[in-house]
Amino acid sequence: TQVSSGLSTDQVVALATSQVQGMTTDQVANMTTSQVAALETRDVAALKTAQVAALTTTQINKGLTTDQVAALTTAGIAALTTTQLVALSTDQVVALTTSQVAALKTDQAAALVTTQIAAMETRDVAAFTTAGVAALTTNQVAALTTTQVESLTTSQIAAFTTDQISHLTLGTPLILD
């Protein structure tokens, strides 16, 4: 299982996608952050869900680049544990695509920390499923910016509980003369 840890970053770059896919979960888990960062985005996109689930929080936070995070498949995103998801930096969260956000399971949405929620682009917040919106904690709802709230659909707003609604930070209304 130590095969991967002996590879230089140049050797990791030279791996074919099929070779990366052939790595065991133990080999993936034993990669250094430099080796993870050296993976081509096409290789990251081709990772099996079990391989994604095998990534350590350090590999995710210190190894994966924002381009690599954006390259993860929706199945790969759905395979992340809540601990792995929380390990994403705010830059990595910003790199998530709308498809990836839509693929988040309710426990994953509920696990995001407030700084991650606040960093999300409005189009990504709008990509939450109604179940994902309903799963947000009141602290997460309070972290939403006015622009993020404005991006939500009527179905998403309807999915909020009364407790969630009471924690929304709404913009200052305009007074027209």
Side-chain angles (χ1 to χ4, degrees), residues 4 9-10 12-13 15-17 20-21 23 25 27-137 139-153 156 169:
S4 61
T9 55
D10 288 340
V12 171
V13 170
L15 290 172
T17 301
V20 173
Q21 286 180 313
M23 293 174 70
T25 54
Q27 289 172 320
V28 171
N30 284 310
M31 292 178 77
T32 66
T33 56
S34 297
Q35 289 171 320
V36 171
L39 287 170
E40 300 286 338
T41 54
R42 69 174 178 273
D43 296 333
V44 172
L47 288 174
K48 297 173 188 172
T49 55
Q51 291 173 311
V52 173
L55 291 169
T56 67
T57 56
T58 302
Q59 289 170 320
I60 289 171
N61 185 267
K62 306 282 187 213
L64 286 179
T65 67
T66 54
D67 287 341
Q68 289 171 319
V69 169
L72 287 167
T73 64
T74 55
I77 291 293
L80 291 173
T81 66
T82 55
T83 304
Q84 289 172 310
L85 195 63
V86 170
L88 291 173
S89 70
T90 54
D91 287 341
Q92 290 171 316
V93 170
V94 170
L96 291 172
T97 67
T98 55
S99 298
Q100 289 171 320
V101 173
L104 291 174
K105 297 177 284 191
T106 55
D107 64 323
Q108 290 174 309
L112 292 168
V113 296
T114 56
T115 53
Q116 290 173 316
I117 293 285
M120 292 179 82
E121 295 175 336
T122 54
R123 69 172 183 257
D124 293 333
V125 171
F128 275 118
T129 63
T130 54
V133 167
L136 296 177
T137 67
N139 286 338
Q140 289 171 311
V141 171
L144 291 170
T145 67
T146 302
T147 308
Q148 289 172 323
V149 172
E150 290 170 350
S151 74
L152 296 173
T153 67
Q156 289 169 313
T169 303

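- You'll find the side chain of Leu104 reaches within 4.5 Å of the side chain of Leu85, heavy atoms only.
- Within the 4.5 Å cutoff, no side-chain heavy atoms of Thr58 are placed close to those of Asn61.
- In this structure, the side chain of Gln51 engages the main chain of Val20 through a donor-acceptor pair within 3.5 Å.
- Here the closest heavy-atom approach between residue Ala135 and residue Thr106 is recorded as CB-O, 3.6 Å.
- Listed here is the closest heavy atom pair of Val36 and Gly63: CG1-C, 3.9 Å.
- Contact of the Val13 side chain with the Glu40 side chain is registered, since non-hydrogen atoms from C-beta on lie closer than 4.5 Å.
- More than 12 heavy atoms of other shown residues, nucleotides or ligands fall within 6.0 angstrom of atom NZ in Lys105.
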Determine all donor-acceptor pairs shorter than 3.5 Å in which one atom belongs to a side chain in residues 124-132; sequence neighbours excluded.
unit_1	atom_1	unit_2	atom_2	d
Asp124	OD1	Thr98	N	3.4
Thr129	OG1	Gly132	N	2.9

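- Panel note: side chain Gln108, backbone Thr81; no donor-acceptor pair is recorded below 3.5 Å.
- With rounding to the nearest 0.5 Å, the separation of CG in Asp91 from CG in Leu64 is 13.0 Å.
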Audit row: Leu55, Gln84, side chain to side chain contact (heavy atoms under 4.5 Å, CB included) steps and yes/no: CA-CA 8 Å; Leu55 291 169; Gln84 289 172 310; 4.0 Å; yes

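- Under the 3.5 Å distance criterion, the side-chain polar atoms of Gln140 are matched with a main-chain donor or acceptor of Leu112.
- Nearest approach of Gln21 to Lys48, heavy atoms of both residues: O-NZ, 3.1 Å.
- The closest donor-acceptor contact from the side chain of Gln68 to the backbone of Arg42 lies at 3.5 Å or more, if one exists at all.
- A donor-acceptor pair under 3.5 Å is formed between the side chain of Ser151 and the backbone N or O of Thr122.
- In this structure a side-chain-to-backbone donor-acceptor pair under 3.5 Å is missing from Gln35 to Val12.
- For the atom pair Thr25 OG1 and Leu47 CG, the distance stands at 12.0 Å (nearest 0.5 Å).
- Between Ala54 and Ala29, the shortest heavy-atom contact is O-CB, 3.5 Å.
- Going from atom CG of Leu136 over to atom CD of Gln156 covers 9.5 Å, rounded to the nearest 0.5 Å.
- Side-chain atoms of Val69 and Val44, non-hydrogen and from C-beta on, never get closer than 4.5 Å to each other.
- Under a 3.5 Å cut-off, the side chain of Gln92 and the backbone N or O of Thr65 do not form any donor-acceptor pair.
- One distance of note links CG of Leu96 with OG1 of Thr66; it measures 10.5 Å at 0.5 Å rounding.
- Put simply, OG1 on Thr97 and CZ on Arg123 are 9.0 Å apart, with the number rounded to the nearest 0.5 Å.
- For the atom pair CG of Leu39 and CG of Leu15, the computed distance is 7.5 Å after rounding to the nearest 0.5 Å.
- For Ala119, the side-chain contact (heavy atoms from CB on, under 4.5 Å) criterion is met by Thr90, Val94, not counting sequence neighbours.
- In this structure Thr49 satisfies the side chain to side chain donor-acceptor pair (under 3.5 Å) test with no other residue, sequence neighbours excluded.
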